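Scroll down for the structure; my scribbles are underneath it.
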Amino acid sequence: MPTASAGSLTLPAKLTGSEEMAYDAQELETRWQKAWDDSGVFEVESDSSKPKFYCLEMFPYPSGHMHMGHVRNYSIGDAMARFQRLMGKNVLYPMGYDSFGMPAENAAKKEGGHPHDVTHSNISSIRSDQERMGYSYDWRRFLATSDVDYYKWNQEMFLTLNERGLVERRMAPVNWCTDCDTVLANEQVKNNRCWRCGLEVVQRDMAQWFLKMTEYSDELLDELDNISFPENVKAMQRNWIGRSHGAHIDFPVVGSDSVIGAFTTRPDTIFGVTFVTLSPEHPLCEEICEGTQWEEGWSELRDECAKMSEFERINMLKEKKGVFLGRNAINPMNGEEVPIYAGNFVVASYGTGAVMAVPGHDQRDFDFAKAYDLEIRRVLTKGSGDDPNSPLTEAFEGYGHMVNSSKDGFDGLSGEDAMNAVIEALEDSGAGHGTVEYRLKDWLLSRQRFWGTPIPMIHCESCGIVPVPKDELPVELPLDVVFSEEQSGNPLASHRQFIDVACPVCGGNAKRETDTMDTFFDSSWYFMRFCDASNESQPFDRASVDYWMEGGVDLYIGGIEHAVMHLLYARFFTKFTRDAGMNSVGEPFGRLVCQGMLNAPAPYCEKCNSEYHIDNFGTDCPTCGSSLSSRNAKMSKSLGNTVSPEEMVSKFGADTVRLFILFGANPEAGMDWSDSALEANNRQISSIIDAVVQAITLDGSPSEMDEWLMAKLSRNQTSWTEAMSDVSLREGVMISHFEMLSDWSWYLRRGGCDPKTARHFLEGWIPMLAPATPHIAEEFWLKLDGDGLLASHILEPVQLTSGSDSAIAREAYIRDLITSGRNLRSLAERHSEKEITRAVIQTAAKWKTDMARDAIRLNLEGFDFKTQGQSHVQTLEIFQDESKRGDVFQTWQSITTGSKKKRGRIHSWSDGQKSLISGGLDEKAVIQENADFIAASLGVNTVEVYRVGQGEDVGGKARISFPLEPGIAFL
RNA sequence: GCAGGGGUACCCGAGUGGUCAAAGGGGCUGGGUUUAGGUCCCAGUGCGUAGUGCUUCGCAGGUUCGAAUCCUGCCCCCUGCACCA
C-alpha cells in the first residue's frame, strides 16, 4: 500500500461498528503534511500532453506571521489547486515572498542588524505557518525577491527595458514622502497620501528613473475587454488610464510668438470660447505677464496654490479663483481675441495645463465666467424648440446642434460629426489636430531606499549615464551596511565600495546609481519566474512560460488593494516581455478573484457611529459615554479584533479553519468571523468522520435505497464540479460537506445498509472532501484502502444509471408525502378530540393518473392546451360518465392550463415527477412498502393506503386526491 | 459629478423567466437526550387553513399565460475616481 509513508495510524485498519475514529487533528494533519512532502506529490513539470492549470495567490510580504487574511487567500487557492488536480489537470501552484521593502529596513534600523536577516527569519516563520495549513505548494519553486538569485534578473530585465527604449531618466515634479524618505509613483499616492504610511506627500523636482508604461496605454485599456477581472477592478483600471479623445488646439498669444496649446474633448464647442485659462504653474503665465501690472496678481495666486497640497486644492477650494494675465489669445477658428486667465481649477499635470474656456457648455467655465463677468455664449442647442439666443442659467454640457458658429459650414452639425468637422478644419489650417490624452503617467521607478534592487546604472564623469553590462550583473546589495535610527536616507549613498566604480565604457572614474527599484518591479514578473524558477541563465525560459501561462494564470487570487498598482504593472510587464520576444502571452492573468474582507466583532457606539478597540468591550463609549454594542468591522490591528490563525489551528486543526473560511462566504464576499460558526464547522467534521466510519463498517444487504444513493452521488458530483470550476467554493463545500452527509443520513434512515454501495459512495465522496479538508479526506482514503495518495488521485465521475431520475423522484415523493402529512397532522389535531393514532391515505383514482400521463405526453408533442384542450377532454372515455364531468373538467384544468393564480401541473412538475407518472408509479405500493417509515415520521401507529374507490372515503379525502398528492386523513 | 457593485424573510445570505413561500447558516420557539447547563438529535419559524388559498424579494409602473429574476423611472446604501478640460 503506497500510503505506508503516512506512518503510524490512529486507527486499526479494520474497524468494528462501535469503534470511533479518534480525531486528533494535530497528529493527523502533521502526519499527512509530512507524507505529502515526502512523496513530492505536488511537484510538477511542464507536460504538453496534459491540460494545465496555473493557480496563484498574490505572494505575501513576509511580515512576522501569517494572518487570517492570508489564510483566506491561500485556502481559496489551495482548494482550487486540489480540485483541479482531481479533475486531472497538471497544476502549477507555487509560493514565494515579496521580500524587499521598507518594513524590513525599518525593523533593522530599530533593532540593529541587517534587513537581510530580518527578512529571512520572517520568511521561515511564515512558511512554517503555511505548511501547517496543509497548502499544496510546489516548494521547489520557492523564491524570495530579495535574494540575489532573483533580483539579478530584475536588473537584467531593467537593462532589457532600457535597450527597448522604455527607461528614461528625467527631471520631474515627483511625489515625495518625508516619512519614507523616498519618492512614490502616482499609483502609490491615494488622496495625496502615501499608500504605505499615510503621510501627506509633497511635490519635489528631482531627476528620477521612469519606465515608459504610457507606451502601452491603449493596449492596457483595450485588453480589459477580453480578460476576466471583476468589473470594479476593470473600472478602476479604465479610470486610472483615463483615455479621452479630443483635440489639441493652438491659441497664439497676441503680441508674442508664444502659443497656448490646449486640450479639449469638445472641439464642437470651439466657437463658444470666450477666454483661455492656464494653470497658475503654467510656464507661459510668467512670460505673458512678466513686468506688467498683472504680474503681482498672478504670483499671488501661484503661491497660494503652491502652498496648498493637491488634496486641499480639490477639497477646500469650491470657489473658482483666477486672475487676468494682461493679454489676449486668438481663437484659431474665427480669429477672435479672447482674454487669457490663470485659474486655480486648472490642473497642471493633465493635458497641457491649459484650457479653452467655453462657459456656455462647461459648468466650471460657466462658474468662472459668472464670477469674473465674462461672456457666456451659446453654440449648441438641445433640440429644435431651443432658442439659440436665449440666455443660459447653467452650462449645457450635452451634445447638441451647432449654432452661432462664426464660420460657415458648421451650424446644424452635432455630436461626432460636429467634432470631426472642427478637427478637420483645424488640421487644414494647421492650428490643431485630433488627439488622445491619458491620465496614466509613466511609472516612476526609482526609490531612495536601501532594501530594494539596485538600479544597474553608472554615472560616468565623461560618458554620462552608462548601463552596467549584462555580464557584470548582479550589482549586489552590500551586507556590510550599518543601520541606525538616527540615520536617515539611503545608506548606499555613503557606502564607498559600492559607489566607486570604473566606467564600463571609458574606464574612468564613475559612480554607481544608489537609487533602488520600487518593489512593485519585483512583483511585476514573479509569476513568470515561477514557471521556471531555477533557471540560472535567464529570467525564465520562453517555452515554460508559454506552457504554463497560455491564456494567463488560470486563477489569480488576492486583495482588491492591488487593483491599480500591482495588476497594472504586471500587465505592462507581460506585454513588454512579449514584445521583447521572451514569451507570447500578453496578458498575465486569465481570471482574477479578489477575496472579500474578513470582519470580526468590535465594540460599536451607535451614537458616534464608530468602532473602538476590543479593550472597550464591557465599558461605555470613550467619546460620548453611552453604552456600547457590538458590530462586525474589518479585522485590524487598530481595533484589535484580529484572530490568530495559529491559535485556531492549534485548537481545532487546519481542516476546521479551512472549512469555516470556505463555507463562511464565497471568495469575493465579505465574511464575518464567528467563534460559534467555527465550532459548528468543527462539529460538522466530526459528523462526517462518524458517517465515514459507519459507512466503512456497514454490514447489511442491498435495497432499493442503493440506487437512490448512487443517483444522488452522481447528481451532487455534477453540481459540485460545476460550482468548484466556477470558484463558487461556498456552494461547492455545501454540497461536499453538507448535502452529501445529509444524503448519507437519509440513506441510513430509510434502511440502506449495503457495504458495497457504501464503498462506492465513499469512493465518490471522499475525493470531494479533499479540496476544503484535505487531511481528513486523506485519512479516510487510507481507511478505505484507496489507491495511492488521495492528493494525486483523479476523480472518475459516477455515471447516472437509467433509473436514477425515478429513484430520486420516488424518495422525493416520500419526503413530500411526509412533509404535507406533518402539516396536516397539526391541523387534524385541532379537529380531533381523541389522540391521533392512524392515517388513512387515498391515492388518486386511476382516471386521474391516466389523464396526467396523457397530458404529459401531449405536452411533449407540443399540444396546444388552450385552444384544443376543451375538445380533447370531451373525447375521453371517463368524460362519458355524466356524474363525473365536473370533476373531470376541473382535474384536466389543474393538470394542464391551471387557474389564474396557479400554473398547470404539466408546468410545475419536475422531470422526475413527470417520469414517475409516465412510468406508472404505483403510489399505493410505494406507500405500503414504506408504511412503517411513514407512520413513524408522521407520529402514528398505523398507515392504511388504498386507491380512491377501493375503500371507504375516510374524511371525504377522495375529492382532494391528485396524482402524487394523495388525500390523507388522520384518525 | 463620473464609473462599478448592491437593496431578498428576525439577522447573514443563495437565488437571472415557470420545479419559488423562496437554498444554507445564525437566532428564536417547541420536543427528545441530559442530574442540570452546554453539546447533540428532531420539528417549527409570512398569514390562513383537515389541504389545490392569500400576501411578500427597495418604491412605482411596464412586458409576459406567468416576474425576486426582463424593461423604464425613482429612492437608498457601499466602493473607486474626481474642478481630468
Side-chain angles (χ1 to χ4, degrees), chain A residues 190-191 230-240 242 244 246 262-266 269 277 279 313-315 317-320 343-347 349-358 361-365 367-368 397 437-439 560 563-564 632 663-666 668-672 674 676-677 679-681 683 686-687 728 730-731 733-735 738-739 745 812 819-832 865-866 890-891 894 897-914 937 939 955-957 959-962 965 967-970:
Chain A
K190 307 270 161 188
N191 284 339
E231 280 309 315
N232 56 340
V233 175
K234 286 191 185 186
M236 280 189 250
Q237 293 212 355
R238 285 195 184 105
N239 215 318
W240 188 260
S244 22
F263 173 73
T264 179
T265 54
R266 296 296 301 275
T269 63
T277 323
S279 81
R313 254 173 98 174
I314 292 161
N315 287 284
L317 277 178
K318 297 287 174 217
E319 192 195 341
K320 308 251 177 308
N344 64 351
F345 63 99
V346 179
V347 179
S349 60
Y350 183 76
T352 59
V355 178
M356 65 172 218
V358 185
H361 303 284
D362 181 285
Q363 192 58 42
R364 292 158 303 182
D365 296 340
D367 295 344
F368 192 86
E397 299 189 323
E437 274 293 328
Y438 300 89
R439 196 178 161 279
I560 187 77
V564 174
N632 281 315
F663 184 61
N666 254 333
E668 284 98 339
M671 145 169 212
D672 296 338
S674 149
S676 64
E679 285 166 28
N681 281 289
R683 289 197 297 272
S686 299
S687 306
S728 298
R730 188 178 189 285
E731 201 185 322
V733 167
M734 186 144 74
I735 295 166
F738 290 79
E739 278 178 30
S745 307
T819 304
S820 60
R822 273 191 179 126
N823 291 337
L824 290 168
R825 193 185 192 281
S826 63
L827 295 180
E829 276 166 10
R830 287 184 226 166
H831 293 260
S832 174
F865 291 100
K866 252 194 276 175
Q890 214 181 336
T891 305
S894 303
T897 53
S899 64
K900 222 178 204 170
K901 292 282 181 182
K902 183 147 177 127
R903 290 174 303 280
R905 296 292 204 285
I906 46 168
H907 299 296
S908 62
W909 276 323
S910 68
D911 289 346
Q913 287 175 311
K914 285 183 195 166
S937 304
K957 302 301 168 197
R959 186 175 53 86
I960 289 150
S961 71
F962 206 79
E965 296 164 50
I968 306 171
F970 285 96

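Treat the numbers as computed from the prediction; the structure is a model and nothing was measured. Residue numbering restarts at 1 for every chain, and letters A, B, ... go by the order of the sequence lines.
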Given atom [atom1] of [X] and atom [atom2] of [N], what is their separation to the nearest angstrom?
| X | N | atom1 | atom2 | value |
| --- | --- | --- | --- | --- |
| A:F663 | B:rG24 | CZ | C1' | 6 Å |
| A:F962 | B:rG53 | CZ | P | 12 Å |
| A:K957 | B:rG51 | NZ | C1' | 7 Å |
| A:I960 | B:rA50 | CD1 | P | 11 Å |
| A:D367 | B:rG1 | CG | C1' | 13 Å |
| A:E668 | B:rG4 | CD | C1' | 15 Å |
| A:N239 | B:rG4 | CG | C1' | 10 Å |
| A:R825 | B:rC42 | CZ | C1' | 14 Å |

Can you tell me how far [atom1] in [N] sits from the matching atom in [M], rounded to whole Å?
| N | M | atom1 | answer |
| --- | --- | --- | --- |
| B:rG53 | B:rU63 | P | 25 Å |
| B:rG15 | B:rC20 | C1' | 9 Å |
| B:rC81 | B:rU72 | C1' | 28 Å |
| B:rU56 | B:rA67 | C1' | 13 Å |
| B:rA14 | B:rG66 | P | 30 Å |
| B:rA43 | B:rG26 | P | 14 Å |
| B:rA50 | B:rC59 | C1' | 40 Å |
| B:rG17 | B:rA68 | C1' | 11 Å |

Using a heavy-atom cut-off of 4.0 Å across all strands, would you classify [X] as base, sugar-phosphate, or nothing?
| X | value |
| --- | --- |
| A:S244 | sugar-phosphate |
| A:K234 | nothing |
| A:G967 | base |
| A:A357 | nothing |
| A:I560 | nothing |
| A:R730 | base |

What is the pairing partner of [N], taking Watson-Crick or G-U wobble pairs with both distances under 3.5 Å in any strand?
| N | result |
| --- | --- |
| B:rA50 | none |
| B:rA3 | B:rU79 |
| B:rA14 | none |
| B:rG38 | none |
| B:rA68 | none |
| B:rU45 | B:rG27 |
| B:rU55 | none |

Of all the choices, [options], which nucleotide is nearest to the side chain of [X] once you look at every atom?
| X | options | answer |
| --- | --- | --- |
| A:V347 | B:rG24, B:rC84, B:rA3 | B:rC84 |
| A:Y350 | B:rC84, B:rG4, B:rC81 | B:rC84 |
| A:M734 | B:rG5, B:rG51, B:rG24 | B:rG24 |
| A:E231 | B:rA85, B:rC81, B:rG4 | B:rG4 |
| A:R439 | B:rG5, B:rC81, B:rG51 | B:rC81 |
| A:A235 | B:rU52, B:rG4, B:rA50 | B:rG4 |

Exercise. Looking only at heavy atoms, what is the nearest atom pair of A:T277 and A:A357, with distance?
Worked result: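 The pair with the smallest heavy-atom distance is OG1-CB, 3.9 Å.
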Problem set entry | Over all atoms of both residues, closest heavy-atom pair of A:E231 and A:R238 |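 In this case the closest contact between A:E231 and A:R238 is OE1-NH1, 4.4 Å.
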Problem set entry | From CA spacing to verdict: side-chain contact (heavy atoms from CB on, under 4.5 Å), A:M236, A:I560 | CA-CA 10 Å; A:M236 280 189 250; A:I560 187 77; 3.8 Å; yes
Exercise. For A:F345, does its backbone N or O pair with a side-chain atom of A:R364 as donor and acceptor, under 3.5 Å?
Worked result: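 No, A:R364 side chain to A:F345 backbone: no donor-acceptor pair under 3.5 Å.
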Problem set entry | Whether A:F663 and A:F738 hold their rings parallel, tilted or perpendicular, with breakpoints at 30° and 60° |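 Rings of A:F663 and A:F738: parallel, under 30°.
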For this session: Would you please confirm or rule out a distance under 4.0 Å between OP1 or OP2 of B:rC84 and any side-chain N or O of A:R364?
Result: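 Answer yes for this pair, as a side-chain N or O of A:R364 is under 4.0 Å from OP1 or OP2.
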Exercise. For RNA chain B, whose closest nucleotide is more 5', that of A:S820 or that of A:T265?
Worked result: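 Final value for this comparison: A:S820.
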Problem set entry | A:A354 or A:E739, whichever maps to the more 5' nucleotide of RNA chain B |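 Closer to the 5' end of RNA chain B: A:E739.
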